[in-house]
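See below for the structure under consideration.
Treat the numbers as computed from the prediction; the structure is a model and nothing was measured. A note on names: the letters A, B, ... follow the listed sequences, proteins ahead of strands, and every chain is numbered from 1.
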Number of protein chains: 2
Amino acid sequence: MKLSDGVEAAIHCATMLAALKDDAVLPTTALAEFYGVSASYLAKHLSALVRCDILISVNGPAGGFRLQRPADKITLLDVVLAIEGDAPAFRCAEIRRNGPGAPDASAYIKPCGIKSAMLAAERAWRGELAKTSIADLVQSFRAEADPRSLARNRAFVADTARVQPRTD
Amino acid sequence: MKLSDGVEAAIHCATMLAALKDDAVLPTTALAEFYGVSASYLAKHLSALVRCDILISVNGPAGGFRLQRPADKITLLDVVLAIEGDAPAFRCAEIRRNGPGAPDASAYIKPCGIKSAMLAAERAWRGELAKTSIADLVQSFRAEADPRSLARNRAFVADTARVQPRTD
DNA sequence: GGGCAACTACTCGGATAACGATTGTCCGAGTAATCATGG
DNA sequence: CCATGATTACTCGGACAATCGTTATCCGAGTAGTTGCCC
């Protein structure tokens, strides 16, 4: 039970991109330097977000990434599943059917209680993640963060963002 | 985000042990054969449950494992944490503090919203797991399982359980 | 001076190694039942 | 027949490899900006 290391970076980048004006983008290198992480590795995660229709990538000079839709339409769950994959955390191997003397499949029509309980817990987890949107994170950051931190983020966006005409 | 493979086996074994009479134990080999899993590997997980005071091990001939306390006092969460470790799934590396121009630590007294949201989701997950006890699983199994499966489990316990005087 | 074309530089995207954790296995320490022995 | 002691066989526990996934990196494909040239 451990989440991929890139989840944190992906969410931070998403919140940063949410602060951009429409049609503006940020490149991987700038984000990687700002957060002090490997640019090559961050690129992999941002690509995953593009594949899941969370980000849009713009190629070429003055290219970069921006959100695919409004920040209040992107939940934490969307981002986490994009990075981690949407496979359930608990995979039931049905070992109850193994071993000598086990009856045939007709005896196991009902799902076992263990699987049900584990999946219910995961639903709770996902439901909680789905409650928070990227817009919520941006709002709470603006409301609660230290002024220095806020100023640094604003300056970064102002200095680095590039305007890019929409093509979609 | 994936749970260790041994979680399923550990929970199954716990429910099986919950069906034993007091002072009876089951050895690793019997459980492994019943569930068709590797005995050596299962032993590792059962040892983890012993370390977390969920099971008691009895050494020597006629030895094995039994529950450390009543089944309704053992939750799914206890078992999962014993196998997976109790470290939180989301580990915040505080990358918001990285990069050039980041203010000193005094600017980051408040935990970031990302971390808070992720931990809240994990609390929901754990809370859900804590709702279900091993006793609940046994009860639902007895109420809903196929008669053939039920009979097989009963026969296994009757044939394999050994009585072992308590020493604690 | 304006338009056009080739070039250049910067971006993302996918294919490719290194590390670490989980998985899987084995052998040794310990203990209680067993069996032989003596009273 | 019963008590006793050494033996034996069976158990758990921790130390030791193999495999897989995640982490980390690099280079190639593509595109828009830039520059130089021609009209």
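Looking at the side chain of Ser47(A), the nearest of the listed nucleotides dG13(C), dC12(C), dT11(D) is dG13(C). Taking the side chain of Pro27(B) as heavy atoms from C-beta on, and the options dC10(D), dC10(C), dC12(D), the nearest nucleotide is dC12(D). For Thr29(B), taking side-chain heavy atoms from C-beta onward, the closest of the listed nucleotides dT11(D), dT25(C), dT22(C) is dT11(D). Nearest nucleotide to the Asn59(A) side chain, out of dG13(D), dC12(C), dT22(C): dC12(C). Listed nucleotides: dA33(C), dG13(C), dA9(C). Nearest to the side chain of Pro61(A): dA9(C). Nearest to the side chain of Tyr41(A), among dT25(D), dT11(C), dC26(C), sits dT25(D).
Ion pairing of Arg126(A) with Glu128(A) is absent here, as no side-chain N (NZ or NE/NH1/NH2) approaches a carboxylate O to less than 4.0 Å. For the pair Asp104(A) and Arg148(B), the salt-bridge criterion is met [side-chain N within less than 4.0 Å of a carboxylate O].
Between dT11(D) and Ser57(B), no contact under 4.0 Å exists linking OP1 or OP2 to a side-chain N or O. When the side-chain nitrogen and oxygen atoms of Arg162(A) are compared with OP1 and OP2 of dC10(C), none of them lie within a distance under 4.0 Å.
Each of His45(B) and Arg51(A) was matched to the nucleotide of DNA chain C holding its nearest heavy atom; the match closer to the 5' end belongs to Arg51(A). Nearest-nucleotide positions on DNA chain D for Gly60(A) and Leu42(A) put Leu42(A) closer to the 5' end. Each of Thr28(A) and Ser38(B) was matched to the nucleotide of DNA chain C holding its nearest heavy atom; the match closer to the 5' end belongs to Thr28(A).
If you measure from atom CD of Glu84(B) to atom P of dT22(C), you get 8 Å, rounded to the nearest angstrom. Separating the CG atom of Leu3(A) from the P atom of dG20(C) is a distance of 20 Å, rounded to the nearest angstrom. When rounded to the nearest whole Å, the span between CZ of Phe65(A) and P of dT31(D) equals 15 Å. Ile56(B) places its CD1 atom 19 Å from the P atom of dT11(D), with the value rounded to the nearest Å. Between the CG atom of Leu55(B) and the P atom of dT11(D) there is a distance of 17 Å, given to the nearest Å. Whole-Å rounding puts the Asp5(A) CG to dG20(C) P distance at 13 Å. Rounding to whole angstrom units, CZ of residue Arg91(B) and C1' of dA21(C) are separated by 11 Å. Ile83(A) has its CD1 atom 15 Å from the C1' atom of dG21(D), to the nearest Å.
When heavy atoms are screened at a 4.0 angstrom cut-off, Ser4(A) is found touching the sugar-phosphate backbone but no base atom.
Contact check for Arg66(A) versus Leu26(A): no side-chain heavy atoms found under the 4.5 Å cut-off.
Applying the 6.0 Å contact sphere to CD of Glu122(A) captures more than 12 heavy atoms from other residues, nucleotides or ligands. The number of heavy-atom neighbours closer than 6.0 Å to CD of Gln139(B), taken from other residues, nucleotides and ligands shown, is 12 or below. Crowding of Glu84(B) atom CD: a count of heavy atoms from other residues, nucleotides or ligands under 6.0 Å exceeding 12.
A donor and an acceptor atom never sit less than 3.5 Å apart when one is taken from the side chain of Lys44(B) and the other from the base of dG13(D).
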